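Before anything else, here's the structure in question.
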Amino acid sequence: MTGSTATTAGAREHARSQGGTVVDCMPIVPATRLGEDLTWAETIPGGGYASKRLARGTTLRLTDPHGDACVSVLLFNADEPWERLNVADTVKVLWQAYVGEGHLLLSDQGRVLASVTAGAPDRSDTFCGTSTLLSNTERYGDGSPHGPSPAGRELLTLAAAKHGLTRRDLPPSLSFFQGVRVGDDGTFTWLGSAGPGASVELRAEMPVTVLLANAPHPLDPRDAYTCSSVEIRAWSGPPTVPTDQLWSRSPEGERAFLNTADYLTARGIA
């Protein structure tokens with residue numbers, strides 16, 4: 001070491017001098033610095049990831065300030081993480097492949113992990129998952145999580161490790177802010193960005209662990225690794241109740257909410 005950090009005392013002084021430094025992409029701790037009701041406030045850069053365990057009833061808002069984010073989302077039962085988001089059931093049980101306001105995000109146990117309380121279905125994707133080490137290496141020359149073009153699955157693996165989960169625990173993810181449509185012939189068409197300022201809100205219907213990775217969509221045709229930051233804000237609130245229209249919006253959704261209520265009641269949570 002050279003300069004002021006050449007000694008232990010100098011290194012300590014240098015480290016402490018960084019206190020209070022604010023950069024564009026970072027967690028805000030505590031989140032209440034930005035609002036008394038906030039429980040999570042963070043900005044994830046392009047090629048970054050984040051994770052958090054959220055209480056039942058928490059609303060999570062993701063916002064794309066600059067119009068080039070693509071956030072892959074995974075949800076786990078916070079208490080029993082073998083129960084996790086099942087994108088296939090989320091699509092087929094609810095008869096809708098395009099996730100927007102009013103859609104329920106179902107687990108592999110037929111329960112509601114979270115509901116979508118705001119968001120446009122034309123800029124979500126339940127089909128393509130996220131990028132992989134191989135795909136990014138072939139396309140950009142590198143897909144490692146600490147390289148110049150991190151793959152989404154590699155970032156989710158890092159996020160999972162913070163909660164005692166491994167790569168084998170990661171199911172297919174869904175993503176927001178970059179839309180995909182399926183044609184009559186079964187081919188995918190990339191719709192591009194929802195535009196600057198787009199947001200989506202998810203409400204946790206049971207205690208959940210959320211993993212987020214912000215990386216270019218696998219179908220993004222641009223040669224350069226292009227992904228802008230995403231803003232996270234979360235706050236406490238009540239979960240969906242039986243009198244809410246969302247509870248009985250469809251027979252399939254009502255059954256999923258009943259399954260959830262049965263599970264939470266037995267555990268003394270509801």
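Just so it is clear, the model here is predicted, and its values are computed rather than measured.
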Q: Measure from the side-chain N and O atoms of Thr260 to the backbone N and O of Val112, and report whether any donor-acceptor pair falls under 3.5 Å.
A: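 Between the backbone of Val112 and the side chain of Thr260 there is a qualifying donor-acceptor contact (under 3.5 Å).
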Q) Would you say the side-chain atoms of Asn259 pair up with the backbone N or O of Gly110, donor to acceptor, closer than 3.5 Å? A)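 Side chain of Asn259 to backbone of Gly110, a donor-acceptor pair under 3.5 Å: yes, one is there.
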Q) Pick from Ser131, Cys227, Ser72, Cys70: which one makes a side-chain contact (heavy atoms from CB on, under 4.5 Å) with His217? A)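 That would be Cys70; it is the only one of Ser131, Cys227, Ser72, Cys70 passing the side-chain contact (heavy atoms from CB on, under 4.5 Å) with His217.
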Q.
Once side chain to side chain contact (heavy atoms under 4.5 Å, CB included) is applied, do any residues pair with Thr132, and if so which ones, sequence neighbours excluded?
A.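 So Thr132 forms a side chain to side chain contact (heavy atoms under 4.5 Å, CB included) with Leu134, Ser135.
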Q: Going by the side-chain contact (heavy atoms from CB on, under 4.5 Å) test, name the single residue among Asp169, Leu75, Asn77, Leu113 that passes it with Arg84.
A: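 Only match with Arg84 under side-chain contact (heavy atoms from CB on, under 4.5 Å): Asp169.
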Q) Is the CG atom of Asp185 crowded by more than 12 outside heavy atoms at less than 6.0 Å? A)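 More than 12 heavy atoms, drawn from other residues, nucleotides or ligands, come within 6.0 Å of this atom.
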Q. Is a side-chain donor or acceptor of Thr59 paired with a backbone partner of Arg203 at a separation under 3.5 angstrom?
A.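 Pair absent, no side-chain N/O of Thr59 close to backbone of Arg203.
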Q.
Under a 4.0 Å threshold between the charged nitrogen and the carboxylate oxygen, would Asp262 count as salt-bridged to Arg267?
A.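 Asp262 and Arg267: not salt-bridged.
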Q) When the ring planes of Phe257 and Trp247 are compared, do they come out parallel, tilted or perpendicular, using 30° and 60° as the limits? A)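 Ring orientation of Phe257 relative to Trp247: parallel.
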**Q.** Contact list for residues 163-183, test ring-ring contact (aromatic ring centres under 6.0 Å, His included), sequence neighbours left out
**A.**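 Output for this query is empty, none listed.
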Q: With rounding to the nearest 0.5 Å, note down the distance linking CG in Leu74 to CZ in Arg153.
A: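 Here the rounded value is 8.5 Å.
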(Q) Once rounded to the nearest 0.5 Å, what's the spacing between atom CD of Gln96 and atom OG of Ser250? (A)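 Going from the CD atom of Gln96 to the OG atom of Ser250 covers 11.0 Å.
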Q.
Please determine whether a side-chain nitrogen of the Lys or Arg among Arg167 and Glu154 lies less than 4.0 Å from a carboxylate oxygen of the Asp or Glu.
A.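 Result for this pair is yes, salt bridge flagged.
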Q.
By the salt bridge (Lys or Arg N to Asp or Glu O under 4.0 Å) test, which pairs, at least two apart or in different chains, include something from residues 249-259?
A.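 Sorted pair list comes back empty.
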Q. Got a donor-acceptor contact below 3.5 angstrom from the Ser193 side chain to the Gly67 backbone?
A.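 Such a contact is found between Ser193 side chain and Gly67 backbone.
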Q) Atom CG in Leu94, atom CG in Asp89: separation rounded to 0.5 Å? A)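 Reported value, rounded in 0.5 Å steps: 9.0 Å.
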Q. Does Thr43 offer a backbone N or O that forms a donor-acceptor pair with the side chain of Ser229 under 3.5 Å?
A.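 Looks like no, no N/O pair under 3.5 Å.
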Q | Donor-acceptor contact present, side-chain Tyr225 to main-chain Pro150, <3.5 Å | A |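 At least one qualifying donor-acceptor pair exists.
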Q: Give a yes or no answer on whether the side chain of His66 reaches the backbone of Asp68 with a donor-acceptor pair at less than 3.5 Å.
A: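 No, because the side chain of His66 does not come within donor-acceptor range (under 3.5 Å) of the backbone of Asp68.
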(Q) Do Leu155 and Val210 sit in one hydrophobic cluster, given that two such residues count as connected whenever their side-chain heavy atoms are within less than 4.5 Å of each other, even indirectly? (A)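 No.
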Q: State the OG-CG distance between Ser149 and Leu133, to the nearest 0.5 angstrom.
A: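 Here the interatomic distance stands at 9.5 Å.
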Q. Hey, is CZ on Arg222 packed in by over 12 heavy atoms from elsewhere, all under 6.0 Å?
A.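 Yes - once you tally the heavy atoms of other residues, nucleotides and ligands closer than 6.0 Å, there are more than 12.
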Q: Only one of Glu205, Glu101, Glu201 passes side chain to side chain donor-acceptor pair (under 3.5 Å) with Ser115; say which it is.
A: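 Of the listed residues Glu205, Glu101, Glu201, the side chain to side chain donor-acceptor pair (under 3.5 Å) partner of Ser115 is Glu205.
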Q) Hey, is the main chain of Leu54 close enough, under 3.5 Å, to the side chain of Thr58 for a donor-acceptor pair? A)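 No.
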Q | Separation of Tyr49 OH from Leu211 CG (nearest 0.5 Å) | A |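 Leu211 CG to Tyr49 OH: 10.5 Å, rounded to 0.5 Å.
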**Q.** Main-chain N/O of Leu191 paired to Gln178 side chain as donor or acceptor, under 3.5 Å
**A.**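 No.
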**Q.** Check: Glu80 side chain, Trp82 main-chain N or O, donor-acceptor pair, under 3.5 Å
**A.**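 No; zero donor-acceptor contacts below 3.5 Å.
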**Q.** Lys/Arg N to Asp/Glu carboxylate O, Glu83 vs Arg111, below 4.0 Å
**A.**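 Counted as a salt bridge, because a side-chain N and a carboxylate O are separated by less than 4.0 Å.
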